[in-house]
Each structure stands twice: as C-alpha cells, then as structure tokens.
Amino acid sequence: MDGSIDTLAALIATAAGVVADTVRRFDIPLLALGLVLHLVADLVRNRGWYGVLRAAGPDYDTLRVRDVEAAAFAGGSVNALVPARAGDLVKLAVVRRRGAPDARMPTLMATLVPETLFEWVVGAALLAWALAAGYLPVDTVADALVGAASHPVTAAVGAAVVVAGGVAAITVMRRWARKLSRDLAAGVAILGHPRAFLTGVVSWQLAGRVVRLAAIACCLSACRLPGGPAAAAVAM
C-alpha cells in the first residue's frame, strides 16, 4: 500500500515538474494576450461579412451583428475539425436560421465572394512579398513542381482532373446560370457600390488583419520566437 502511494506521489511530482518546466518556457500573460487578440480579430473581421449580407436585399434587414458573429464562429469551429471548408455551409445555415429565414441559399453562398475578396488580395500580396524577400524556399518549390510535371502519370492525372473540372463547371454554369443569376447578383450586390464596399467591408477586414498581426506577434514572442512585424507577417 505504501509503495503504491509513493509511486502515485512520484508520478504527481513528475507531472508537476513537467508542467512547471513547460510554463517557464512560455510568457503566459503575453500568450493569453495573443489569444484574446485572435478572438478580437475574428470579431472585427466578421463585421465585413455583416456589411455584405445587409447589402444583399430586404431579406437581411432583420439580421443582427450577433447573428453573423455566431454563424461565423460556428463555421470556424467546424472548419477546424472538418476539411474542405465544410464549416462554410454551417455558417450559412446558422445565418439563415438565426436572422434571415427567407434568404435563398445561392445568395448566401454568393456573399462569401465579396467577404473573401479582400482576403485573397492580402494573401496574394503577402505571398509575393515573402517570395521576393526570400522567406520562402522558391527553388525547392519550383523544383517540386517541375518534378511533378515531368512525371508522365502525375502530369496525365493532373491534366485529366483540370479538363474534367472545367467541363463540369461549364456544363453546370450553362444549366443554372439563368436561374441563379438574380440570386447570385444579390449576393455580390455590394461590389456595385465601391464606397460601401470599402467602408463597410474592407475597413473591417483591414482592421481585423492589423489586430491579427499583433496577435501573431504576441504568440511568437510568448514562445520565445522572433516576434517582429516581418516574422508575424510571414506567419500570417
């Protein structure tokens, strides 16, 4: 009996030592600040999607900011666990259930285009900057792509997938274009009003990016890694 107690005490002491050693490796307050800033960045960014939805038509007049925030976080949680952006469907379903019961799903899906347009631009700019600054192994990536393309089987499969996807996309678009044109146009209506798009969408997303940059810098610094603006931008 005494031996079991001693063994348990030794295990507890070992676990406590591991936890204490792990805690010493991190700046806990700075890490907590980084996590809070990540949450704030998402809250700010989601206001951009709210602006897109409100511009999509009268079906969204009763939509509240908290409805959009709840939907975005629900979708983000699913995306963290399920691949292929399945959480986006959850996000759209929650918005429809909570604040826009009469909204058509094609319109909701189309709202994701203006909502992510700025993100695409920023992502491309960050990638170009990282490549130009030498933060990414350009030669390694290029060699891998060339090697894959030179392999006959890989090249044939890739070409077949591209052709099949293109044919399928064209067929579907022709079949449904007329039926969906109005719904899709409503989803991207805000793009027809550049000023509203800049003030109601881009401004929030830009602010969210700035907050996220600070969050990444805090998390890097908390882990004893370089946490300067350049390092945070590369991580972003």
Side-chain angles (χ1 to χ4, degrees), residues 5-51 65-88 90-91 94 112 115-141 144 200-236:
I5 294 176
D6 292 340
T7 302
L8 179 60
L11 289 174
I12 294 175
T14 301
V18 171
V19 171
D21 182 64
T22 301
V23 169
R24 283 194 297 269
R25 294 175 182 269
F26 299 96
D27 187 328
I28 300 302
L30 195 58
L31 182 61
L33 176 60
L35 296 177
V36 170
L37 288 176
H38 268 295
L39 177 62
V40 173
D42 284 336
L43 288 170
V44 173
R45 180 187 181 280
N46 294 337
R47 287 295 300 267
W49 188 35
Y50 173 75
V65 174
R66 63 185 180 186
D67 298 327
V68 176
E69 296 287 0
F73 278 105
S77 300
V78 174
N79 279 333
L81 301 174
V82 181
R85 304 291 298 181
D88 288 347
V90 175
K91 181 166 69 172
V94 173
L112 297 178
E115 191 252 347
T116 56
L117 183 60
F118 176 76
E119 300 295 336
W120 293 341
V121 173
V122 172
L126 285 172
L127 180 60
W129 166 76
L131 289 170
Y135 289 115
L136 295 180
V138 181
D139 294 337
T140 302
V141 175
V201 180
V202 172
S203 61
W204 289 104
Q205 293 180 325
L206 179 60
R209 279 282 183 172
V210 173
V211 176
R212 191 173 302 283
L213 187 69
I216 294 173
C218 288
C219 290
L220 290 174
S221 298
C223 298
R224 316 299 183 188
L225 295 171
V234 170
M236 179 181 288

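If you're wondering where the values come from, they're calculated on a predicted model, not measured in any experiment. Position 1 is the first residue of the sequence, and the numbers go up from there.
- E69 meets the side chain to side chain donor-acceptor pair (under 3.5 Å) test with N46; sequence neighbours excluded.
- The two residues R209 and F118 make their nearest non-hydrogen contact at CG-CE2, 4.3 Å.
- Side-chain contact between L39 and L35 is absent, with no heavy atoms from C-beta onward closer than 4.5 Å.
- For Q205, there are no side chain to side chain donor-acceptor pair (under 3.5 Å) partners at least two apart in sequence or on another chain.
- By the side chain to side chain contact (heavy atoms under 4.5 Å, CB included) test, A214 is found to be paired with L37, residues two or more places apart in sequence or in another chain being considered.
- To the nearest 0.5 Å, atom CZ of residue F26 and atom CZ of residue R224 are 9.0 Å apart.
- A233 and L126 get closest at one heavy-atom pair: O-CD2, 4.2 Å.
- Counting all heavy atoms, side chain and backbone alike, A217 lies closest to G227 at CB-O, 3.4 Å.
- Residues satisfying the side chain to side chain contact (heavy atoms under 4.5 Å, CB included) test with S203, not counting sequence neighbours, are none.
- Of all non-hydrogen atoms in L30 and A222, the two that sit nearest each other are CD2-N, 3.7 Å.
- With sequence neighbours left out, the side chain to side chain donor-acceptor pair (under 3.5 Å) criterion links D67 to R64, R98.
- Of all non-hydrogen atoms in G87 and N79, the two that sit nearest each other are N-OD1, 2.7 Å.
- Residues V94 and A74 approach most closely at CG2-CB, 4.3 Å, considering heavy atoms.
- Taking OG of S221 as the start and CG of L31 as the end, the distance is 11.0 Å to the nearest 0.5 Å.
- Annotation: the span from Y135 atom OH to L127 atom CG amounts to 14.5 Å, rounded to 0.5 Å.
- Note on residues 33-44: pairs passing side-chain hydrogen bond (donor to acceptor under 3.5 Å, both in side chains), not counting sequence neighbours, are H38-R212, D42-R212.
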